[in-house]
A.B. asks: 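Supplied in structure tokens, the structure appears directly below.
Note that ligands are numbered from 1 as they come in the structure, with each ligand's atoms numbered from 1 the same way. On a predicted model such as this, the values are computed, not experimentally measured, just so you know.
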Amino acid sequence: MERRAIAISGTVQGVGFRPFVYGLASQLELCGFVRNQTDGVRIEVEGDGSRLDQFLLQLSANKPPLARIERVSWEPRPPLGDSRFRIETSASSVTGPVLIPPDIATCDDCLRELFDPHDRRYRYPFLNCTNCGPRLTIVESAPYDRERTTMSSFTMCPACRAEYENPIDRRFHAQPIACPACGPRLALKDGAEKPLEGGDALARFADVLRGGGVGALKGLGGYHLACDATNDAAVVGLRRRKQREEKPFAVMVSDIDSARALCEIDEAERDLLCSPRRPIVLLRKRMGSPLGPGVAPGNPRLGLMLPYTPLHHLLLREMDGRPLVMTSGNRCDEPISVGEPDVYERLAGIADVYLTHDRPIHVRCDDSVTRVVGGIESPLRRSRGYAPQPVRLPLHCLTQGLAVGGQLKATFGLARDDQAILSHHLGDLDNYEAYRAFERDVALFEQTFDVRPTWIAHDLHPDYASTRYALRRAGRENLKAIAVQHHHAHMASCLAEHGLTCPVIGVCFDGTGFGTDGAVWGGEFLVGDLEGFRRAAHLRYVPMPGGEKAVREPWRMALAHCHDSGAQSTPFLHRVDAASARTAHRMIERRFNAPSTSSIGRLFDAVASLVGLRDHVTFEGQAAMELEWLATGVLQDGAYAFDIAAPGESSAGEEAALIVDTRPLIRDVVRDVGRGVAGASIARRFHSTIVEIIVKVCAKLRAQTGLSQVVLSGGVFMNSLLLCETEHALNAAGFLALRHRTVPANDGGLSLGQLAVAARQLELR
Ligand code: ZN
Ligand code: ZN
Ligand code: FE
């Protein structure tokens with residue numbers, strides 16, 4: 001007979017861990033107890049030694065789906081001769097920093113109940129248990145229990161209360177527990193907020209969608225706008241009403257078989273689609289799919305997701321197998337709507353009917369977007385189902401801190417010990433609504449996760465709303481403000497998720513980031529680590545005529561690059577209004593309203609315009625994305641010329657940055673366009689050229705520094721053709737290429753990088 005005291009830390013509270021331990025102990029006929037404590041779960045078990053070994057083994061191997069074990073330790077204790085195993089309820093003084101799990105898709109047990117006519121929750125749209133249901137989106141404050149969630153106004157009925165209090169029930173301490181007798185209810189309303197009484201709300205809503213209408217549907221983290229994805233008139237109508245011209249819509253299908261009817265799906269993609277996180281997964285469209293062309297115009301990929309709430313499951317059943325467009329409930333680039341009555345105002349003229357309910361959403365949380373590149377997950381947006389699950393930092397923070405991220409695709413993060421608690425996606429902070437949510441959610445996270453920052457890390461850009469927030473708050477609360485250069489943060493985020501602190505070569509390719517010289521950086525090769533960096537190489541500067549306007553109008557970058565390279569012709573100019581072209585030309589010559597940029601995103605734009613693909617974009621990164629599609633599937637066919645200029649030593653005695661001269665490349669492209677070479681071939685060669693540039697520059701930097709680990713970060717690496725080939729070419733040249741798997745390569749990953757840099761700099765101070 002032996003007794004062991006076991007301590008487990010991680011996400012082990014509020015996820016059905018204690019009932020699981022109870023079941024395991026009973027099964028192995030062990031005695032003792034389990035209870036929650038501030039930093040996790042404490043177990044004491046007593047019994048035969050080999051069974052205790054079994055117990056420890058199965059504890060980790062068979063843990064509940066939502067539990068995340070960080071650490072398990074145990075020590076022997078003298079046996080006490082307990083006669084049974086019990087769950088000890090926590091002392092009320094236990095209010096440690098409990099990790100709140102992300103919102104999780106309806107589990108299989110709940111799904112069975114949902115469609116079981118004999119179950120008391122048959123067809124109840126809000127059923128959930130400790131293994132599934134809303135979490136982050138309903139939290140109002142800490143610690144995480146029912147009184148501090150948006151479920152507090154619902155009083156449990158005796159049947160729910162009994163389940164909630166029964167340690168071996170699947171709903172033991174499931175905070176959002178509910179049933180038709182005591183929980184939230186559905187309501188169908190028209191655009192004037194008038195309830196549409198009579199009949200089944202869900203069936204009537206589905207009727208509207210089947211008839212080609214647009215419905216607003218209250219989900220986990222906000223409202224979706226839904227319509228029949230096979231009805232192109234409905235899809236096009238939704239685009240017009242939402243003022244979303246071309247950006248692809250996501251589609252929800254009832255199950256994996258319906259997903260396969262629309263897209264090619266491999267093993268890894270299936271796992272992601274079906275995972276309890278239920279992200280939108282970008283997949284290759286199948287030829288001849290029944291979807292209207294308006295769903296994702298011109299796009300070889302389609303974003304699919306499976307139902308993740310009981311309401312979705314019920315709705316999809318009503319649609320007789322028809323897939324639904326499910327796009328965030330907003331107009332244009334505003335943040336997703338979450339609450340009444342505001343939703344009726346914001347979606348006026350878009351939605352014909354509203355399927356809503358009385359469980360408030362506290363934290364606005366968009367769907368996550370991900371995909372598989374080369375067999376590995378490559379996230380595009382880390383939000384619902386992922387946040388606020390912490391990411392392990394490669395160092396232990398001496399003090400707690402906050403990183404406020406960037407401006408677009410904003411996220412923020414908190415650092416505590418060795419953990420980065422990263423927020424959901426907050427959108428574009430230029431938008432006032434999004435900014436307000438940012439401020440409020442920062443406060444909520446600090447309170448909920450019990451983090452009191454002593455420092456705030458922010459981007460170097462003085463005009464980001466997040467930077468202004470950081471500086472204002474640092475001044476007011478006497479916190480240390482730590483500015484982190486944009487591309488350094490990109491590099492650090494990739495280092496951090498790979499658990500590295502060592503020096504590497506960072507290839508940081510994106511659209512825009514504020515440089516230490518005030519220029520717009522974006523085609524950067526950094527050498528450094530978490531602490532600091534040297535700008536070892538970058539693309540040659542060209543002017544951006546019209547500043548921000550050049551981002552929306554790729555022809556302006558084509559003009560700048562042609563002017564810079566002395567190209568023989570300007571094949572796009574006949575498509576552009578003459579007065580605008582003259583003005584842009586003057587801006588370039590006089591360097592007026594034409595900031596210098598080394599951005600590779602803008603180089604993609606220029607080439608997209610040169611090949612006649614697109615002179616204006618309606619969303620960020622559109623031209624580059626279309627250039628990728630154009631090149632995809634074309635066989636490799638050589639590359640264009642470029643130069644790498646080495647200006648010698650700089651005054652400080654340090655190696656001066658190498659300059660990647662893209663002028664030969666532009667001249668070649670213009671010549672090919674003039675000869676009538678197909679755009680697809682030009683796009684293909686352009687991609688190969690970028691890969692060659694990366695490998696050549698990295699080889700020079702390896703010769704300088706001896707470093708052979710290369711991290712690939714920045715939004716341009718959302719381009720899977722470029723990512724795959726770069727990774728392959730680097731590895732073939734003897735480098736070790738590392739890319740993002742946990743946070744996005746785009747600006748959504750900046751907060752993690754900022755946390756890692758700031759924590760490291762403070763550690764060394
Ligand atoms: Zn469940
Ligand atoms: Zn109930
Ligand atoms: Fe960036």
Side-chain angles (χ1 to χ4, degrees), residues 14-16 19 64-66 101 103-114 116 119-121 124 126-135 146 151 154-165 169-172 174-185 276 278 308-310 313 405-411 459-461 464 466 484-494 506-515 520-524 526 551 597-602 620-621 624 712-718 740 743-754:
V15 292
L66 302 191
D103 302 276
I104 291 297
T106 310
C107 72
D108 291 345
D109 289 328
C110 284
L111 204 54
R112 251 188 307 279
E113 292 172 350
L114 184 64
D116 175 3
D119 193 276
R120 71 186 187 91
R121 293 188 178 88
Y124 181 57
F126 306 98
L127 93 169
N128 63 79
C129 72
T130 46
N131 298 326
C132 74
R135 294 289 188 277
R146 190 168 171 108
M151 283 299 293
F154 298 93
T155 309
M156 275 180 236
C157 68
C160 284
R161 161 93 29 213
E163 292 170 325
Y164 183 83
E165 287 172 354
D169 194 276
R170 203 173 91 243
R171 296 194 164 90
F172 178 59
Q175 305 306 346
I177 187 174
C179 79
C182 67
R185 279 161 214 264
R278 291 289 154 102
Y308 54 84
T309 68
H313 283 285
Q407 173 82 353
L408 299 171
K409 303 183 170 65
T411 61
D459 196 90
L460 210 53
H461 201 304
Y464 280 0
S466 56
V484 181
Q485 199 277 327
H486 190 94
H487 301 93
H488 187 208
H490 273 309
M491 175 173 103
S493 72
C494 196
V507 182
C508 303
F509 276 13
D510 66 359
T512 305
F514 195 83
V520 180
W521 291 11
E524 313 303 313
L526 310 182
V551 179
T597 187
S598 56
S599 165
I600 190 154
R602 299 291 83 78
E620 194 214 355
L712 306 174
S713 191
V716 166
F717 286 110
M718 302 272 102
H740 287 276
V743 299
N746 61 34
D747 287 6
L750 287 176
S751 55
L752 174 63
Q754 291 171 351

A.B. asks: Before moving on, can you tell me the angle at the Zn ion (ligand 2) between the SG atom of Cys160 and the SG atom of Cys157, to the nearest 10 degrees?
C.D. replies: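 It rounds to 110°.
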A.B. asks: Which heavy-atom pair separates Gly748 from Ser751 by the least distance, and what is that distance?
C.D. replies: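 It is O-OG, 4.2 Å.
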A.B. asks: Nearest 10°: the angle subtended at the Zn ion (ligand 1) by Cys110 SG and Cys107 SG?
C.D. replies: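 Between SG of Cys110 and SG of Cys107, the angle at the Zn ion (ligand 1) is about 110°.
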A.B. asks: Closest to the Fe ion (ligand 3), which N/O/S atom of Asp747 is it?
C.D. replies: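 Of all N, O or S atoms in Asp747, the Fe ion (ligand 3) lies closest to OD1.
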A.B. asks: Considering all heavy atoms of both residues, which atom of His490 and which atom of Asp747 are nearest to each other, and what is their separation?
C.D. replies: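 For His490 versus Asp747, the nearest heavy atoms are NE2-OD1, 3.0 Å.
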A.B. asks: Does the plane of the ring in Phe514 sit parallel, tilted or perpendicular to the ring in His461? Use 30° and 60° as the thresholds.
C.D. replies: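 Geometry flag for His461 against Phe514: tilted rings.
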A.B. asks: If you stand at the Fe ion (ligand 3) and look out to NE2 of His486 and NE2 of His490, what angle do those two lines make, to 10°?
C.D. replies: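 Taking the Fe ion (ligand 3) as the apex, I get 90° for this pair.
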A.B. asks: Given Tyr124, which of Pro310, Cys110, Pro184 fulfils the side chain to side chain contact (heavy atoms under 4.5 Å, CB included) condition?
C.D. replies: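 With Tyr124 as partner, side chain to side chain contact (heavy atoms under 4.5 Å, CB included) holds for just one option, Pro184.
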A.B. asks: Which atom, among the N/O/S set of Asp510, is closest to the Fe ion (ligand 3)?
C.D. replies: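 The closest N, O or S atom of Asp510 to the Fe ion (ligand 3) is OD2.
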A.B. asks: To the nearest 0.5 Å, what is the distance between SG on Cys508 and CD1 on Ile600?
C.D. replies: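 These two atoms lie 12.0 Å from each other.
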